[in-house]
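Taking it in order: structure first as structure tokens, then the write-up.
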Amino acid sequence: MREPSTPEGSAPRPLSEERRRAEVTSGLPKRYDPACFEPKWQSFWEEKQLFRAPELDGAGPHWTIVFPPPNVTGVLTFGHSLQGTTEDLLCRWQRMKGLPTLFLPGLDHAGVATQMAVRKDLEKKGVNVGTLSREELHARIEEWRHEKERYIRRQLTAHGLSMDWSRYVYTMEPRYSEAVRTAFLTLYREGLVYRAERMINWDPKLRTALSDLEVIPTETQGKLWYIRYPDTDPARAARGEGFVVATTRPETIFGDVAVAVNPKDERHGPWVGRKVLLPLTDRGVPIITDEAIDPTFGTGALKVTPSHDRVDHEIALRHPELPSKRDTIDDRGRLEGEFVPERFRGMERFAARKAIVEELRGQGLLVKEELHVHNVGHSERSEVPIEPRLSTQWFVDTSKMGLRALESVRKGEVRIIPERWLKTYYNFMENLEPWCISRQVVWGHEIPVWYCDLCKAHDAFEVPPKACPKCGSEALHQDPDVLDTWFSSWLWPFATLGWPKRTGDLARYYPVSVLGTGSDIVFFWVARMIMGGLQFLDTPPFPYVYLTGILTDRQGRKLSKHLGNSPDPIEIIQQWGADAFRFALLFPLPVEDGGAWDPQKMMEGSRNFLTKVWNLTRLVEPATSSLADSSPPHLEEAPLMDRWIASRWSHTAQEVEDRLSRFDLTGAAGVLHQFLWHELADWWAEAAKERLSGRAGKGPQEQAARTGAAVLERTLRLLHPFVPHISEELWTHLPHTGESLAVAAWPSAAELPSDVGAEATVSAWMEIARGLRTLKADAHLSPSARPVAFARPRTAAAAALLQVPEVAAVTCAVAGAASFQFLAGDAPPEGARALVTPSAEVFLVPPAGAAGSSGESSALRKERDLVSDLLSKTRARLADATFRGKAPPKVVQEVEAKEKELSERLRLLEEHLRAPETEPSA
RNA sequence: GGGCCGGUGGUCUAGGGGUGAUGACGGCGCGCUUACAACGCGCAGAUCGGCGGUUCGAAUCCGCCCCGGCCCA
């Protein structure tokens with residue numbers, strides 16, 4: 001295991017000269033230690049520029065993935081690791097298949113979030129942020145950016161991601177800003193970007209507008225206050241008459257313009273049309289009706305506050321007689337304005353809430369107060385409760401673009417994987433709201449709009465105008481706001497390739513081949529990119545969206561920097577190696593709680609697998625040193641096991657290819673894991689060991705070496721996209737051609753022959769070998785005991801084994817027996833324990849006097865009970881006339897064959913149970 | 001309020017009409033057998049959330065219910 005080294009995360013450590021020499025002379029080190037070669041290969045790939053996408057002109061075959069740009073706010077999390085790994089896998093796979101491949105890295109300036117982070121950082125350092133000018137703040141953010149950028153790049157490299165750093169893009173660099181400006185201007189000229197006063201989400205702490213997506217509904221324990229709005233008639237009011245309204249936000253009361261009830265609500269019928277007094281004021285408000293009112297909530301009456309609630313605003317718009325605006329809360333969240341009584345002005349909203357409730361209580365207007373849990377929108381950035389507010393902002397009209405993006409997915413031009421996200425996508429796109437894109441912060445792309453101070457006209461410009469085109473005045477000022485970060489992100493698939501310029505890269509590498517990202521940003525990013533690609537290039541930006549899961553911690557919370565529950569990937573990589581980390585991400589291993597990430601458990605599993613790969617290579621490698629390449633031997637004449645493993649490899653290669661094509665990355669990893677460990681290592685290697693060692697002679701050794709090299713070298717090629725470093729390292733120790741596995745050819749299943757006969761024969765043999773192992777354990781023999789073994793074939797495949805010369809030796813090796821022989825019709829030897837498998841009867845004679853070798857064969861008895869049970873079930877089925885009548889003939893035949901096999905097997909089992917060999921032998 | 005997803009051995013998971021339910025981890029037993037104890041071999045452990053239906057046949061399809069989780073209001 002690697003020592004966790006420098007806390008900051010070490011840069012790739014060069015291999016010591018001593019170690020390098022040692023490796024060359026003595027083959028592979030005994031221990032799998034990723035620290036010894038991962039950094040070496042990362043530098044090698046970088047030096048040779050193997051991941052630099054070729055510069056090609058014109059459209060043509062290509063494979064492009066743009067990495068979802070991490071935010072410059074901090075360092076990468078496991079979520080980025082997962083994305084990077086899946087995308088790198090796809091890129092390495094396609095690169096090996098020979099496509100011009102571009103894996104493009106980048107960085108997002110992340111507007112509001114970054115400004116927040118830098119502010120916090122500066123405050124911690126004692127800088128008075130308030131005194132900094134816009135330019136000074138920009139400079140500070142740039143410093144921050146450079147620092148984070150360097151670390152993020154190191155993190156990505158440490159994963160072994162095959163990115164083309166020569167094409168790195170940062171969203172605030174000039175050419176990207178130009179793309180943002182162009183997008184804004186284009187939409188502005190088409191009237192798709194407009195300025196309007198709307199109800200928006202206001203963050204009173206950051207004092208900026210936010211889009212709907214940046215508002216996080218949070219379940220909050222609040223209260224519901226029942227407030228009596230007194231009758232306008234003072235006499236009645238004095239008697240306590242009035243109309244009771246329930247509200248969660250009493251502090252907005254001064255902004256009320258009406259009280260609304262549902263028109264169908266009979267309880268309130270008599271009140272409709274009358275006026276009540278607004279508490280704590282001398283103003284009256286009418287009681288109106290509106291369909292939107294839920295009669296079951298509170299008293300069934302809602303106070304209408306058009307400036308501070310979305311629903312209320314809409315109600316007010318439906319009732320033209322009411323004012324649709326009455327601001328009583330300012331941009332800092334304080335009560336202000338002519339409608340607020342003097343004594344409350346300047347109060348912060350929650351303090352005001354308290355004060356108002358107290359005063360209502362004092363005046364006897366507070367009828368009751370109950371606890372109430374509800375969802376309150378909180379700012380994703382500052383986490384304070386959002387204040388809905390009427391404000392003039394810039395919006396994107398998404399109605400037409402949204403429809404087009406919806407159609408594109410409906411038509412299958414863009415496929416979403418896994419498909420279940422389709423419905424979520426549809427649901428969202430069918431209910432699109434205008435997208436608020438202006439932010440009242442300083443960090444971000446400036447809005448290219450200028451206002452004339454003289455004639456008040458405004459317009460958008462490509463370059464800053466000298467004078468107002470309308471009145472000629474030179475007194476102009478630019479819009480002080482900046483654009484929502486996502487307004488630059490949605491251009492990512494093409495702005496990174498040079499758009500709006502018509503670059504060679506844009507022609508060649510657009511559209512992106514597959515967009516991989518976490519399912520949490522389907523709406524933020526994916527939906528908008530589809531809109532953007534269609535709007536600006538008339539082409540969907542990608543044919544596939546591959547959504548990865550979201551990693552969670554033990555409490556089921558999303559891993560994030562923010563919660564501090566996401567370890568730095570570099571720490572994991574230092575401890576376990578990049579390959580083990582990558583494999584763990586792709587091959588979900590058991591964990592404690594639901595979907596939770598337990599590093600120890602997951603990493604151990606994948607590290608153990610890689611150790612297996614390592615040691616298997618150590619077994620095969622020595623015998624292969626004289627081979628010039630990994631071309632397969634003449635397999636037609638090869639030993640059974642060699643033909644079998646070649647055939648299994650071929651199926652594995654096909655399966656991996658199929659699964660990768662379907663984006664079943666986990667499945668592909670599983671298939672490789674299964675093949676390498678449980679076929680190649682457990683069976684082939686165990687059987688071929690003797691030959692590989694040379695003890696069986698030169699010819700057999702070379703044969704085994706050729707097969708081993710051919711299969712293992714090709715398996716490493718299949719493995720490379722998953723675990724690039726170890727595969728590259730081991731590959732160089734085996735016969736191979738080419739300088740790097742990263743650019744070696746992806747193998748096709750046809751490279752090794754499939755052999756149905758060999759597979760059937762080996763399956764039968766495996767049953768025999770397993771049966772002998774079971775018998776050996778059943779007889780309480782120690783693994784080092786060497787009993788004598790026999791088998792009597794029951795099937796053609798098992799009988800074919802009689803013809804295989806090496807089968808006896810191989811069976812002995814695998815089952816740990818002294819000798820192995822087939823019995824034709826002969827009686828089983830005296831004192832033998834027996835078991836009946838579907839393919840053969842197997843017998844084991846314990847060595848004389850072996851400890852614990854006596855005793856009943858519980859295995860035989862258990863097998864008998866099981867088979868007898870199955871047989872009666874099978875017979876019951878066959879006895880059922882409806883089954884025979886209605887089931888397809890093929891199924892009936894299968895069941896009949898099964899009945900035959902089971903009854904024969906049962907007969908044999910019982911025969912052996914009666915036989916004397918199960919008696920304690922002397 | 002609307003929408004989506006899931007519930008399979010102790011844990012995590014595969015399988016999405018054909019009857020011995022996959023695998024891994026953990027557990028138990030035996031072993032350091034010259035690739036690998038970061039390992040090998042064997043064993044135990046699940047009426048596939050509940051109820052009802054369709055079918056010759058249901059973990060798999062349909063309906064209702066219960067329990068988790070996610071998203072949008």
Side-chain angles (χ1 to χ4, degrees), chain A residues 1 28 30-32 212-213 215 217 294 297 310-311 375 377 418 420-428 430-431 433 519-520 522-523 549-550 552 556 558 576 580 587-596 598 601-622 666-667 670 673-674 677-678 681-682 685-686 689 692-693 695 769-770 772-786 813-816 838 852 858-859 862-863 866-867 869-871 873-874 876-878 880-888 890-892 894-895 898 902:
Chain A
M1 191 191 300
L28 285 160
K30 191 161 184 210
R31 185 166 261 270
Y32 162 57
D212 293 346
L213 291 171
V215 177
D294 174 4
F297 186 82
R310 206 172 274 261
V311 175
N375 274 333
R420 59 189 161 85
W421 285 98
L422 267 183
K423 291 185 185 170
T424 309
Y425 177 83
Y426 291 151
N427 196 266
F428 179 74
E430 282 158 4
N431 299 291
E433 296 280 325
S519 51
D520 52 343
V522 176
F523 308 130
I550 303 300
T552 57
K558 194 168 131 182
W576 303 91
F587 185 73
L589 291 154
V591 284
E592 284 303 322
D593 302 314
D598 180 342
K601 281 254 169 65
M602 299 191 77
M603 296 312 301
E604 270 176 16
S606 70
R607 185 231 16 219
N608 292 356
F609 171 63
L610 297 179
T611 304
K612 195 60 154 176
V613 181
W614 185 265
N615 284 313
L616 180 63
T617 308
R618 285 211 306 132
L619 173 73
V620 174
E621 182 247 359
T666 304
H673 180 272
Q674 167 70 24
W677 199 321
H678 300 300
D682 283 355
E686 286 303 327
K689 244 183 207 173
L692 284 169
S693 73
R695 287 190 293 265
R770 277 200 205 96
L772 291 171
R773 283 171 174 172
T774 304
L775 277 180
K776 194 170 165 183
D778 189 53
H780 304 292
L781 292 176
S782 125
S784 54
R786 285 289 168 270
V814 158
S858 59
K862 230 174 45 201
E863 184 69 9
L866 178 70
V867 170
D869 192 46
L870 282 172
L871 183 61
K873 274 193 215 156
T874 310
R877 261 182 99 194
L878 286 171
D880 184 351
T882 27
F883 169 69
R884 284 185 176 278
K886 296 212 173 176
K890 202 180 131 227
V891 173
V892 177
E894 276 166 17
V895 177
K898 186 173 176 173
L902 283 172

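Just so we're on the same page: letters track the sequence lines, and every chain starts at 1. These numbers come from a predicted model, not from an experiment.
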Whole angstroms only, please: what is the [atom1]-[atom2] distance between [X] and [N]?
| X | N | atom1 | atom2 | value |
| --- | --- | --- | --- | --- |
| A:Y426 | B:G3 | OH | P | 17 Å |
| A:L772 | B:G42 | CG | C1' | 13 Å |
| A:K776 | B:C41 | NZ | C1' | 9 Å |
| A:E433 | B:A73 | CD | P | 8 Å |
| A:L775 | B:C41 | CG | P | 17 Å |
| A:K873 | B:U47 | NZ | P | 14 Å |
| A:Y425 | B:G3 | OH | C1' | 16 Å |
| A:R310 | B:G1 | CZ | P | 21 Å |

Please produce a list of atom pairs where a protein N or O lies less than 3.5 Å from an N or O of nucleotides 14-16 of chain B.
none

Select from A:P783 and A:N615 the residue whose nearest nucleotide in RNA chain B is closer to the 5' end of that strand.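 The answer here is A:P783.
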Starting at the 5' end of RNA chain B, which residue's closest nucleotide do you reach first, A:R773 or A:R618?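 Here A:R618 is the residue nearer the 5' end.
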If you check every side-chain atom of [X], which of [options] has the closest atom?
| X | options | value |
| --- | --- | --- |
| A:S782 | B:C71, B:C30, B:C41 | B:C30 |
| A:L619 | B:A35, B:C41, B:G18 | B:A35 |
| A:L616 | B:G3, B:U34, B:A35 | B:A35 |
| A:L866 | B:A24, B:C36, B:G20 | B:G20 |
| A:K898 | B:C71, B:G20, B:C43 | B:G20 |

Considering only heavy atoms from C-beta outward, does the side chain of A:D869 approach that of A:K873 to under 4.5 Å?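 Touching, per the 4.5 Å side-chain cut-off.
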Would a 4.5 Å heavy-atom cut-off, applied to side chains only, mark A:R877 and A:V891 as touching?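 A side-chain contact under 4.5 Å exists here.
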Can you tell me how far CG of A:D880 sits from NZ of A:K886, rounded to the nearest 0.5 angstrom?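 That separation rounds to 11.0 Å.
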Got a second to check how far A:L616's CG is from A:E621's CD, nearest 0.5 Å?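 Here the interatomic distance stands at 11.5 Å.
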Given [N], is OP1 or OP2 found less than 4.0 Å from the side-chain N or O atoms of [X]?
| X | N | answer |
| --- | --- | --- |
| A:N608 | B:C39 | yes |
| A:W677 | B:G40 | yes |
| A:K689 | B:U33 | no |

Where is the tightest heavy-atom contact between [X] and [Y], given as atom of each residue plus distance?
| X | Y | answer |
| --- | --- | --- |
| A:E686 | A:A813 | O-CB, 4.3 Å |
| A:R884 | A:L878 | NE-O, 2.8 Å |
| A:W576 | A:R607 | CZ3-NH1, 3.6 Å |
| A:A769 | A:A815 | O-CB, 4.2 Å |
| A:A580 | A:S606 | O-OG, 2.7 Å |

Pairing annotation in dot-bracket form, given for RNA chain B with Watson-Crick or G-U pairs under 3.5 Å and | for cross-strand partners: ((((((((.[[[..)..(....]]].(((((.......))))).....[[[[[..)....]]]]]))))))).
Whole-angstrom distance between [N] and [M], as gauged at atom [atom1]:
| N | M | atom1 | answer |
| --- | --- | --- | --- |
| B:G23 | B:G18 | C1' | 22 Å |
| B:A21 | B:G16 | C1' | 13 Å |
| B:U60 | B:G53 | P | 14 Å |
| B:C25 | B:C67 | C1' | 26 Å |
| B:G2 | B:G57 | P | 37 Å |
| B:G9 | B:C5 | C1' | 24 Å |
| B:A35 | B:A24 | P | 23 Å |
| B:U22 | B:G63 | P | 29 Å |

By the 4.0 Å heavy-atom rule, please label A:A681 as base, sugar-phosphate, or nothing.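 Since a base atom lies under 4.0 Å of A:A681, the category is base.
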With heavy atoms under 4.0 Å as the rule, sort A:T611 into base, sugar-phosphate or nothing.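 Since a base atom lies under 4.0 Å of A:T611, the category is base.
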Is a side-chain donor or acceptor of [X] paired with a backbone partner of [Y] at a separation under 3.5 angstrom?
| X | Y | result |
| --- | --- | --- |
| A:R773 | A:G816 | no |
| A:K689 | A:L619 | no |
| A:R786 | A:P783 | yes |
| A:D778 | A:T774 | no |

Torsion-based syn/anti label for B:G45, 90° from 0 as limit: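 It is anti.
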Examine the base of B:C4 for any acceptor or donor lying under 3.5 Å from a partner atom in the side chain of A:K423, and report the outcome as yes or no.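 No such pair is found, so the answer is no.
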Is there a donor on the side chain of A:E686 or the base of B:C36 sitting less than 3.5 Å from an acceptor on the other?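 Yes, the side chain and the base share a sub-3.5 Å donor-acceptor pair.
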Taking only N/O atoms, report every protein-nucleotides 53-61 of chain B pair under 3.5 Å with atom names and distance.
| unit_1 | atom_1 | unit_2 | atom_2 | d |
| --- | --- | --- | --- | --- |
| B:C56 | OP1 | A:K886 | NZ | 2.5 |

Ring-plane angle category for A:F609 and A:W677, please: parallel below 30°, perpendicular beyond 60°, tilted otherwise.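 Correct class here is parallel.
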